[in-house]
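Read through the structure below, which is laid out as structure tokens, and then see the notes.
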Amino acid sequence: MTEASGTLVLPELESACLRSFSLFTRTDRIEVDFSTAPVFCLVGANGLGKSTFLAALSYALTGAVAQPGRKFRGVRQYYKQARSYAPKYFRGRIKPRDEESAEISLTFRAGTRRYSLTRAMFNAVGLRELTITDLDDGESILDTSDLDDEERNALYQANLTKDIGLDEFDQFVFLQLFILSFDERRELLFFDQEQKLLQQALYITFDLDPARAKEADKLDRRIEGLESLARNAKWQATNARNQLEALVSAGEEAFAEIDEGANEQRRLQADRDEALEGQERVERALADARLALAEQTASLQALRGEYDSVWSDRLQGNGDPAAHPLILATIEDARCGLCGTETAEVVARIESALAEHHCPLCATAVSDAAAKPDETMARLGELDAGISEVQDRIVEFGPSLQKLEEELTSSRAHVDFASKSLADFEAKNPLALFEGDPTIGLKAIADRFKAQIAAFEKEKEEKRAERDEVRKKLKPLQERLVRSFKTAEEQFIPSFSELAREFLGLDIEIDIEQKNDTVGLELRVEGSPRRATDTLSESQRFFIDIALRMALIQQMSDSSSPGWLFVDTPEGSLDIAYESRAGEMFNLFVERGHQLVMTANINSSQLLQRLAVRCGEEGLALERMTDWTDLSAVQSSEEDAFQMAWGEITASRRSKEAKAKERPKRSPSKR
Amino acid sequence: MSAAASFDALRLCAEISAASGAGAAAVEIHTFAYFGCLLSVYEDRPPAEWGYGFRVTPAGAPYSDELDSALKTLRAGGMIVNYGHAFDLSSPGRADLELLCTHATNRARLRYLSSAAGTALLMPLPAVTSALSREPQLQEFLGAPTSRDLLDEVGVDAVKAHFEVITRVLADRDLGDDLTVPASLWLTALAEQASDG
């Protein structure tokens, strides 16, 4: 039999009360008394809320709920995440109308103090009530009535941390969620590949100084962070190296042709530039020609306008009556062109009027047609000559313009061809682009990659060197842990072995092992290493891990305060023989003075029956969930089977005295 | 004032008067001016180069505002005289026309006008104006309630389609610069089309 030699004052549950917990439909207030027996077992069918009950107890204690699948990366970080997960966990289990009123009250003992607290289900960082009483004199040692919920919670955390003997409340959260509980997450300490959880548990259990456990946790996280950075730098260096190799591989062929390629690229570029210059030259000539044509066209328009204007001027004014065919005919024929009268007098009168520059018909004065100068006609002649000249010039523009337009079309085609040839060549020969440019040449790119690789390698080495430095700081802590373990192993190993043998029926030993950054445990079954998970069934691994927790709790706890273990429906798929043995192992834990808070399905599991046999009515408090909540339709239809199983369990409990004779006598427990 | 329209009025007045022996009616001057313009289109000149435009009257005849204005101005200036509805050149008009015909500016249009008017020597004047009224766009706008501009893009395409046929028919004939033959041929075709229709 082993004796507790630890220094931690682990708490002991006394009672709990859940209010407005909607999941439990049959009652608004559930009260549980843990003080009547060392084992409390909540028995119920699937899906009624057994795991939620255990999670609620842990939440009351810590304000945190462990999130399934969340990886452990240090106690502080885990607590923060578990705290933020709590409201999400309860939101689906408590109806919105009850969110404000839902709360849990808990009373537990830690050493010589009794804690009574009430925590709202949706305020992880506050306490509605807190009373801490000195058990020696029954006096309350704290008045928290004037504090707000968060201040009250802070006070609770500080007091409990100190009373337990830890360095920080985070560590208690770690203990509660990973050591003092084996819940539905089935988080394994021993069979976790990295054994980070186990290492932290070992520090808290064996090193005896919580501050060192905290320091080890911090250094461990730092090492992990630096290793991650080093791995990242290494990956980047490898990446850069691969790129460089690809470049060099491509470059080897390219190097052979690079001079030729560069020459060709330059030739094509010169060809393109020349084509562009030619195009610009033709464009300028064409623009000049078009401008000149526009000037000639404007000149032609002006001349035509003036021609029209001069012609218009020429037509202004009265006509010459003497030129009128009627007058001419009258004078020539000496016969009136209007009435036909033949008389010389008429001719004389007409000629007289014309001589006096009057109209022969109406006697109105008219201008002298003969005096009208032929200047306008001469001017029209000049303008016509001008128009003709300009038109000739415009006509002359035609062929030259056409020629220039043809040249431009040809130049553009040449530019297109030269540009495409250059682009095609550059697309096929990208390295040729860099030749001759010392800043972006192939060599420069290779050099840049090399510099990157060197920088990443340097960073990797620096991070590894830094990691090694941190390792050096961690090493004394690890060595101290190993020494502490060795000092304690005389107690711890038999304690664990007894529990494990009780379950597995084989000789099981464990030894501490230090590998790289981790201190873990090696399991030996009948002298052979059994770390490999395939050598034990999943259910067997669960119970070995539970045994390890039990031994750790035994080891870390002060003899006056043995601590508890929460176990959520542990029976799993064990066969009937192992179920009974598991019951024996649980009983052994209880016999050592510890408290066991567990849940179980109502079935014919030998685990609970064997535990009931061993503990009897005084040692096993059973609570039926059907008193709290309603069965589902399926479960209700099989209620007879549940009743039968329940009857078997309670019958087993009543016959403790008789059944106890079946079991070999044990050494007395420490309490 | 459009000198081109004045020249055309003087030239057509002279040509039509010579052909008819009784002066030139205003409608004949407008019609032959339009015919001259069509012959320039026959030689692939754009209608805008003619210097002035035409529209069709509700009566179905081509009409030009510039030409009408020129006739009035020429008459007021004593360049032409009228006997009733017929115009003829005055002596100054004849003298000016003689000079204007020497101007290079008028050389090209002189050829088109002479060719158009020349058809009147080959067929009766009323037959010429009647046949021309079968020109595609005039025919299309015949009876339209308002006047419409002639020789827009659609009109040019339509008349060119006719001219392509004429060009093919006369492809093997060496006609020099003379447009009278194609002009007459086209008029004949239009007249036959009228009688068939």
Side-chain angles (χ1 to χ4, degrees), chain A residues 297 300-332 337-338 354 359 361 364 366-395, chain B residues 1-11 13-14 17 21-24 44-46 48-52 66-84 86-110:
Chain A
T297 305
L300 179 64
Q301 288 299 105
L303 287 169
R304 278 181 172 162
E306 192 176 352
Y307 187 96
D308 283 356
S309 177
V310 171
W311 173 250
S312 187
D313 288 347
R314 181 172 176 77
L315 295 180
Q316 293 304 312
N318 298 326
D320 180 6
H324 196 281
L326 185 65
I327 301 301
L328 288 171
T330 300
I331 293 171
E332 190 176 327
L338 288 175
L354 290 174
C359 173
L361 283 179
T364 304
V366 294
S367 59
D368 183 1
K372 185 178 277 185
D374 278 340
E375 291 168 7
T376 53
M377 191 50 83
R379 178 64 186 146
L380 284 174
E382 288 170 12
L383 288 169
D384 180 67
I387 288 169
S388 186
E389 190 180 332
V390 172
Q391 276 179 326
D392 288 346
R393 281 204 289 272
I394 287 174
V395 169
Chain B
M1 230 267 291
S2 166
S6 296
F7 175 78
D8 292 356
L10 288 171
R11 180 69 190 182
C13 206
S17 293
D44 284 334
R45 289 179 182 272
E49 268 191 15
W50 190 249
Y52 56 90
E66 285 86 349
L67 209 51
D68 181 61
S69 173
L71 283 170
K72 286 174 180 167
T73 309
L74 288 168
R75 184 174 168 276
M79 295 291 180
I80 58 173
V81 293
N82 64 302
Y83 305 100
F87 291 104
D88 200 355
L89 292 181
S90 66
S91 294
R94 218 171 281 281
D96 274 10
L97 176 61
E98 196 175 329
L99 282 171
L100 290 174
C101 284
T102 65
H103 287 181
T105 312
N106 299 319
R107 200 169 299 142
R109 64 192 315 111
L110 179 60

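Here the structure is a predicted model, which is why all the values come from computation and not from measurement. Both backbone and side-chain heavy atoms feed into the values below; hydrogens, waters and symmetry mates do not. Convention: sequence-line order gives letters A, B, ...; per-chain numbering from 1.
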Practice task
Please round to the nearest 0.5 Å and tell me the distance separating atom OG1 of B:T105 and atom CG of A:L380.
Solution key: 9.0 Å
Handout entry: Distance, nearest 0.5 Å, that separates CH2 of A:W311 from NE2 of B:H103
Key = 9.5 Å
Problem - More than 12 heavy atoms from other groups under 6.0 Å of CD on B:E98 - result: no
Practice task
Take atom CZ of B:R45 as the centre, draw a 6.0 Å sphere, and report whether it contains more than 12 heavy atoms from other residues, nucleotides or ligands.
Solution key: no
Exercise for the section: Could you tell me which residues in residues 383-395 of chain A have at least one non-hydrogen atom under 4.5 Å from a non-hydrogen atom of chain B, sorted by residue number? Expected result: A:D384, A:I387, A:S388
Exercise for the section: Answer yes or no: is there a donor N or O on one side and an acceptor on the other, between the side chain of A:D308 and the main chain of B:S2, under 3.5 Å? Expected result: no
